[in-house]
Each structure stands twice: as C-alpha cells, then as structure tokens.
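Chain letters run A, B, ... following the sequence lines, proteins first and then strands; every chain starts at 1. Keep in mind that the numbers below use all heavy atoms, side chains included, and drop hydrogens, waters and symmetry copies.
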Number of protein chains: 2
Amino acid sequence: MGPKEWFPELHPEPDGEPGRHRYDWAVTEPRSLADEPIHRDVALRLARNEQRYTRQRRTMVEALASIGRPATIGELIEAVGELPISTAYRNLAVLGDAGVVRRVNGTDEFARFELAEEVSGHHHHHAVCSSCGLVIDATSSARLEMALAETARAIAAENGFDVADHRLELVGRCLSCARTAT
Amino acid sequence: MGPKEWFPELHPEPDGEPGRHRYDWAVTEPRSLADEPIHRDVALRLARNEQRYTRQRRTMVEALASIGRPATIGELIEAVGELPISTAYRNLAVLGDAGVVRRVNGTDEFARFELAEEVSGHHHHHAVCSSCGLVIDATSSARLEMALAETARAIAAENGFDVADHRLELVGRCLSCARTAT
DNA sequence: GGCTAGTTTGAGAATCATTCTCATGTCAAA
DNA sequence: TTTGACATGAGAATGATTCTCAAACTAGCC
C-alpha cells in the first residue's frame with residue numbers, strides 16, 4: 001500500500017526535519033518520568049511485565065488519577081485529548097496486566113477503569129447510580145472497614161470459597177439523578 | 001417475503017392439523033399457571049406491567065430457579081432446551097422490567113441473570129471466580145447481615161448518596177479453579 | 001363456533017463496545 | 001547506524017446484545 005500518510009494532520013513534520021514526525025507517545029523525557037511516587041510505582045510495575053512506561057501510558061494514568069472515579073473509555077479519551085480507541089484499550093489491557101488499573105463493571109453496558117488501590121493508595125468502595133450508570137468512589141471509616149472485612153471473611157468461610165478480595169457496591173441514585181424526578 | 005417456512009423442522013405440523021403448528025410458548029394450561037407461590041407472584045408482577053405469563057416465560061423462570069445461581073444466556077438456553085436467543089433476551093428484559101429477574105455483572109464479558117430476591121425470597125450475596133467468571137450465591141448469617149447493612153448505611157451517609165440497596169461481592173477462586181493450579 | 005385486535009414469537013439483520021491485524025514509527029543496545 | 005524488539009494508529013473483525021418484521025398466538029367479542 002505504499003507509504004501512506006500516517007496521522008499527518010495532527011502531527012506535522014517538525015521544521016528542519018523532513019520525513020520525521022513527532023509523536024506524543026514517544027518516551028523522550030527521562031527527567032520527569034519518575035519524579036512522582038505514583039509514576040515511579042507504575043513504571044516499576046510495568047517493568048516487571050517487561051513493558052515500557054511511554055508518554056501515552058503516563059498521560060492515561062494521570063487522566064485516570066485526575067478523574068478520581070471509574071472512568072469510561074469515552075471519559076478517558078476526552079480527558080487525555082488525543083487518544084485513539086485502539087490504543088486506549090490496548091494500553092488499558094497492558095496496565096491491567098501490570099496491576100496498575102482495574103476494570104469496574106457498573107450497571108450499564110460501558111466498562112469503567114480506575115487506578116488499582118495498590119497504586120492510588122486509596123482503599124474505597126463504589127456507589128453506582130442505577131439511573132445513569134455513574135460510579136463514584138465511596139470511602140469508609142476504619143471501624144466500618146474492619147466490620148466489613150470481618151463480614152466478608154465469615155461469609156467466605158461459610159461458603160467455602162477461596163476469597164482474595166471483597167467489594168461493596170452501593171446502588172442508588174446519584175445527586176444529579178435524584179434531583180431529576182424519576 | 002411470502003409465507004416462508006417458519007421454524008418447520010423444530011415444530012412440525014401436528015397430525016391431522018395441516019397448516020397449524022405447535023408452539024411451546026402457547027399459554028394453554030391455565031390450571032398449572034399459578035399453582036405455585038412463585039408463579040403466582042411472577043404472574044402478578046407481569047400483570048402489573050400488562051404482560052402475560054406465557055409458557056416460555058414460565059419455563060425460563062423455572063430454569064433460573066433450578067440453576068440456583070446467576071446464569072448466563074447460554075446456561076439458561078441449555079437449561080430450558082429450546083429457546084431462541086432473541087426470545088431469551090427479550091423475555092429477560094420483560095421479566096427485568098417487571099422486577100422478576102435481575103441482571104448480574106461478573107468479571108467476564110457475559111451478563112448473568114438471576115431471580116430477584118423479592119421473588120426467590122432468598123437474600124444473598126455473590127462470590128465471583130476471578131479465573132473462570134463463575135458466580136455463585138453466598139449466604140450470610142443474620143448477625144453478619146446486620147453488620148453489613150449497618151456498614152452500608154454508614155458509608156452511604158458519609159458519601160451523601162441516595163442508597164437503595166447494597167451488594168457484597170467476594171472475589172476469589174471457585175473450587176474447580178482452585179484445584180487447577182495457577 | 002368464527003372473527004378481530006393486540007401480543008408474543010423466531011430468524012436474521014443491525015448495533016456497538018471491544019479486540020485484533022498489520023504496516024509503520026520508535027526505543028535501546030551494540 | 002544498524003538491528004531487533006516494542007508501541008502505535010487506522011481500520012477490520014469479533015461477538016454479545018438489541019432490533020426488525022412477518023407469522024402465530026391469545027383474549028375478547030359476536
């Protein structure tokens with residue numbers, strides 16, 4: 001198919017370098033790659049899987065961190081700005097394998113993604129809006145968390161299931177949908 | 001277009017009635033329609049939505065009840081025997097609107113369906129296998145259930161979310177996958 | 001009994017989120 | 001700089017779910 005134009009309108013050739021294009025996802029800034037603890041952690045987890053922490057992936061991690069709740073693919077792409085769908089899904093899969101992001105199933109048909117608790121350092125549960133599908137983080141006190149863990153442990157013992165984790169899901173109406181009657 | 005053959009190989013014309021076909025979903029047994037409490041309840045809920053409790057739908061409800069855990073479309077079809085996919089999805093939607101069945105999201109890409117707790121009378125939570133996606137019911141003692149409800153209530157209060165329900169999900173390995181290493 | 005209106009069904013087409021393909025660009029290490 | 005391995009982007013493919021519509025059914029009326 002010959003040398004077709006590849007993303008030319010978004011990334012024109014830099015001046016003085018004909019034939020060479022600029023790519024946002026190039027890993028060209030070693031200085032700032034690990035200047036934040038979270039990025040250092042992500043880079044380490046990716047390295048364990050022999051994966052690179054490219055600029056694209058860093059942008060995605062930062063977008064997920066800034067959104068602060070499980071984000072759909074659309075929300076993630078919007079937050080990042082330029083992000084092809086195929087790359088978004090592929091990198092989410094890579095980050096998922098590395099234990100950096102976790103996939104969250106809500107009530108609608110859209111998958112949502114959030115930073116894993118081990119990366120964000122933010123243990124939480126989820127409140128799901130049964131009307132619009134919005135998922136927000138729900139934190140709890142240490143006392144409540146202990147009761148919940150104890151409950152989960154006992155339920156697991158009663159049912160003979162090899163439980164590694166537990167998740168509490170609160171189903172109801174988000175503030176926006178609660179305002180709009182029915 | 002024209003009068004094409006419609007499902008002829010599965011439901012041949014009954015003897016002596018040329019031109020007439022037999023359909024499994026026909027509502028032709030009023031006697032046994034409501035002879036069980038659960039069927040009476042389901043019929044009532046469907047009637048509230050101006051929907052009929054056809055034989056197909058009753059078969060689906062019975063299959064869901066007998067499976068005893070959230071079932072995938074494939075499992076449901078297998079349990080029923082003859083059940084077109086389109087009819088299965090449509091009736092699950094109808095039963096869902098009537099509050100008879102509930103959709104359960106597991107860890108894999110398959111939606112699962114179970115009888116609503118109001119119909120089955122069986123309050124429970126779910127244990128999800130992170131390996132194969134199997135979802136089984138997990139019951140808990142009254143004491144644990146109270147602690148869990150209290151926890152959910154407090155978390156909801158802390159986060160200002162209009163919570164109507166809560167669900168606990170235990171993630172781990174099912175017995176079958178725990179046996180098979182890795 | 002038959003007739004009519006509205007409902008349910010089944011097969012296949014359509015939808016659409018997600019995954020896959022592959023040519024091309026980029027990185028890291030000699 | 002060369003080379004091999006990995007990352008990317010556009011589009012095609014996949015596949016669960018939903019939609020379409022003609023045909024078959026039920027309920028209610030005569």
Side-chain angles (χ1 to χ4, degrees), chain A residues 1-11 13 17 19-30 33 46-47 49-60 72-74 76-77 82-96 103 105-106 108-113, chain B residues 1-11 13-14 17 19-30 33 46-47 49-60 72-74 76-77 82-96 103 105-106 108-113 133:
Chain A
M1 282 72 207
K4 69 179 164 197
E5 301 178 289
W6 195 59
F7 218 19
E9 65 281 13
L10 292 174
H11 300 284
E13 302 176 354
E17 293 187 68
R20 192 159 183 284
H21 292 259
R22 176 173 54 84
Y23 292 86
D24 276 349
W25 47 270
V27 181
T28 54
E29 289 187 57
L33 232 183
L46 283 171
N49 281 26
E50 300 183 335
Q51 296 281 347
R52 298 171 187 164
Y53 196 24
T54 65
R55 187 188 296 184
Q56 285 261 57
R57 290 170 183 175
R58 187 155 62 102
T59 309
M60 290 173 64
T72 62
I73 283 285
L76 179 60
I77 289 177
E82 282 298 334
L83 184 61
I85 294 180
S86 56
T87 298
Y89 278 111
R90 188 184 334 96
N91 281 343
L92 283 173
V94 169
L95 291 168
R103 185 175 181 149
N105 286 327
D108 53 17
E109 72 268 35
F110 301 104
R112 287 155 203 272
F113 301 87
Chain B
M1 295 73 202
K4 69 179 164 195
E5 298 178 291
W6 196 59
F7 217 20
E9 66 281 14
L10 292 174
H11 300 281
E13 302 176 355
E17 294 186 67
R20 191 158 182 285
H21 291 258
R22 176 173 55 84
Y23 290 87
D24 276 348
W25 47 268
V27 180
T28 54
E29 289 187 57
L33 231 182
L46 283 172
N49 281 25
E50 301 183 334
Q51 297 281 347
R52 299 171 186 166
Y53 196 23
T54 63
R55 185 189 296 183
Q56 284 262 57
R57 291 170 183 173
R58 188 157 61 102
T59 310
M60 289 173 64
T72 62
I73 284 285
L76 178 60
I77 289 177
E82 281 299 332
L83 182 60
I85 294 180
S86 57
T87 297
Y89 277 111
R90 188 185 332 96
N91 281 343
L92 283 173
V94 169
L95 291 168
R103 186 175 181 149
N105 287 327
D108 53 17
E109 73 268 35
F110 302 105
R112 288 155 202 272
F113 302 86

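In this structure, A/R58 atom CZ and C/dC27 atom P are separated by 13 Å, rounded to whole Å. Here D/dT26 presents its C1' atom at 5 Å from CZ of B/R52, a figure rounded to the nearest Å. Rounded to whole angstrom, the span from the CD1 atom of A/I77 across to the P atom of D/dT8 amounts to 14 Å. Remark: P of D/dG15 and OH of A/Y89 are 16 Å apart, rounded to the nearest angstrom. One atom, CG of B/L83, and another, C1' of C/dT9, lie 11 Å apart when rounded to the nearest Å. Look at CD1 on A/I85: it is 14 Å from P on D/dA12, rounded to the nearest Å. Computed from coordinates, the A/D108 CG to C/dC16 P distance equals 15 Å when rounded to whole Å. One atom, CZ of A/F110, and another, P of C/dA17, lie 5 Å apart when rounded to the nearest Å.
In terms of phosphate contacts, B/T87 brings a side-chain nitrogen or oxygen within less than 4.0 Å of OP1 or OP2 of C/dG10. Neither OP1 nor OP2 of C/dT9 sits under 4.0 Å from any side-chain N or O of B/R55. OP1 or OP2 of C/dT9 lies within a sub-4.0 Å distance of a side-chain N or O belonging to B/N91. At the phosphate of D/dC25, neither OP1 nor OP2 sits under 4.0 Å from any side-chain N or O atom of B/Q56.
Heavy-atom nearest nucleotides on DNA chain D were determined for B/R103 and for A/Q51, and the one closer to the 5' end corresponds to A/Q51.
Set against D/dT8, C/dA17, C/dG10, the side chain of A/R90 has D/dT8 as its closest nucleotide. Of all nucleotides listed (D/dA16, D/dT8, C/dT9), C/dT9 comes nearest to the side chain of B/T54.
Residue B/L83 holds its CG atom at 8.5 Å from OG1 of B/T59, rounded to the nearest 0.5 Å. Taken to the nearest 0.5 Å, the CZ atom of B/R112 stands 12.5 Å off from the CG atom of B/L76. Atom-to-atom distance recorded for B/N91:CG and B/Q51:CD is 8.5 Å, nearest 0.5 angstrom. Separation of atoms CG (A/L92) and CZ (A/R57) is listed at 10.5 Å; rounding is to 0.5 Å.
In this model, a side-chain donor or acceptor of A/S86 finds a partner on the base of D/dA10 within 3.5 Å.
Between B/F113 and B/R103, the shortest heavy-atom distance links the atoms CE2-CG, 4.0 Å.
A/A93 comes within 4.0 angstrom of nothing in the nucleic acid, heavy atoms only.
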